[in-house]
Amino acid sequence: MIARVIPALRPHLSSRYSNFHLDVWLLGITLLLVALGLVMVMSASVSIADRQMGDSFYYFWRQSAFVTVGLLFGDSILQVRLVYWERLGPYFLLIGFLLLIAVLILGREVNGSVRWLAMGPFNLQPSELIK
């Protein structure tokens, strides 16, 4: 069934992104992994979420929100032409190195290691950006 659905998206996505080749196998496998991850989060956290939050699907909904934000962010990244990313690459690398240095100075300890920067309502792990 997925093989029928994903190729049906090709004309829509191809018209949206001019000169953009859509790898339907990669897209399909990625969506399957995201769905599997959501199922795993739901099955592993039902009792804990019910006990701690009073809602059995609290962590599932939270993870679903993060997946949605990630997909929207990824879509916006695809809108930027590769030429701009190539031009901005050295600046992003410099910013990444500065963030790694900032962890040494301003880092927050979580589970015995200092890897995080507190950025208001969320924490940032600069080593993940550098990867």
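Bear in mind the structure is a predicted one, so any value in this text is a computation, not a measurement. Heavy atoms only: backbone and side chains are in, while hydrogens, waters and symmetry mates are out.
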Spacing of OG1 belonging to Thr30 relative to CG belonging to Asp23, to within rounding of 0.5 Å: 8.5 Å
Between Ala49 and Ser56, the two heavy atoms sitting closest are CB-O, 3.6 Å
Roughly how far, to the nearest 0.5 Å, is the CG atom of Leu26 from the CG atom of Leu31? 9.5 Å
Value rounded to 0.5 Å, distance of CG in Asp50 from CG in Asp55: 8.0 Å
So do the side chains of Ile95 and Leu129 get within less than 4.5 Å of each other, counting heavy atoms only? no
Smallest heavy-atom separation, Val41 atom then Tyr59 atom, equals CG1-O, 3.7 Å
Is there a path from Val83 to Ile77 through hydrophobic residues (I, L, V, M, F, W, Y) whose side chains come within less than 4.5 Å of each other? no
Please check if Phe92 and Phe73 belong to a single hydrophobic cluster, counting links between Ile, Leu, Val, Met, Phe, Trp and Tyr side chain heavy atoms closer than 4.5 Å. yes
Determine the minimum heavy-atom distance between Val103 and Pro126, stating which atoms define it. CG2-CG, 3.3 Å
Hey, does Leu33 have a side-chain heavy atom less than 4.5 Å from the side chain of Ile29? yes
Could you see if Met42 belongs to whatever hydrophobic cluster contains Met53? Use Ile, Leu, Val, Met, Phe, Trp, Tyr and a side-chain cutoff under 4.5 Å. no
Spell out, yes or no, whether Leu124 and Leu106 are grouped together once hydrophobic residues are joined by side-chain heavy atoms under 4.5 Å, including indirect joins. yes
Shortest non-hydrogen pair, Leu38 vs Phe60, comes out as O-CD1, 3.7 Å
Once rounded to the nearest 0.5 Å, what's the spacing between atom CG of Leu88 and atom CG of Leu94? 12.5 Å
Using 0.5 Å steps for rounding, measure from the CH2 atom of Trp116 to the CZ atom of Phe122. 11.0 Å
From CD (Gln125) to CZ (Arg108), nearest 0.5 Å: 12.0 Å
I need the full list of salt bridge (charged side-chain N to carboxylate O under 4.0 Å, His left out) pairs touching residues 113-131, with sequence neighbours left out, sorted by first then second residue. Glu128-Lys131
Find out if a path of hydrophobic residues (ILVMFWY) with successive side-chain heavy-atom gaps under 4.5 Å connects Leu99 to Ile105. yes
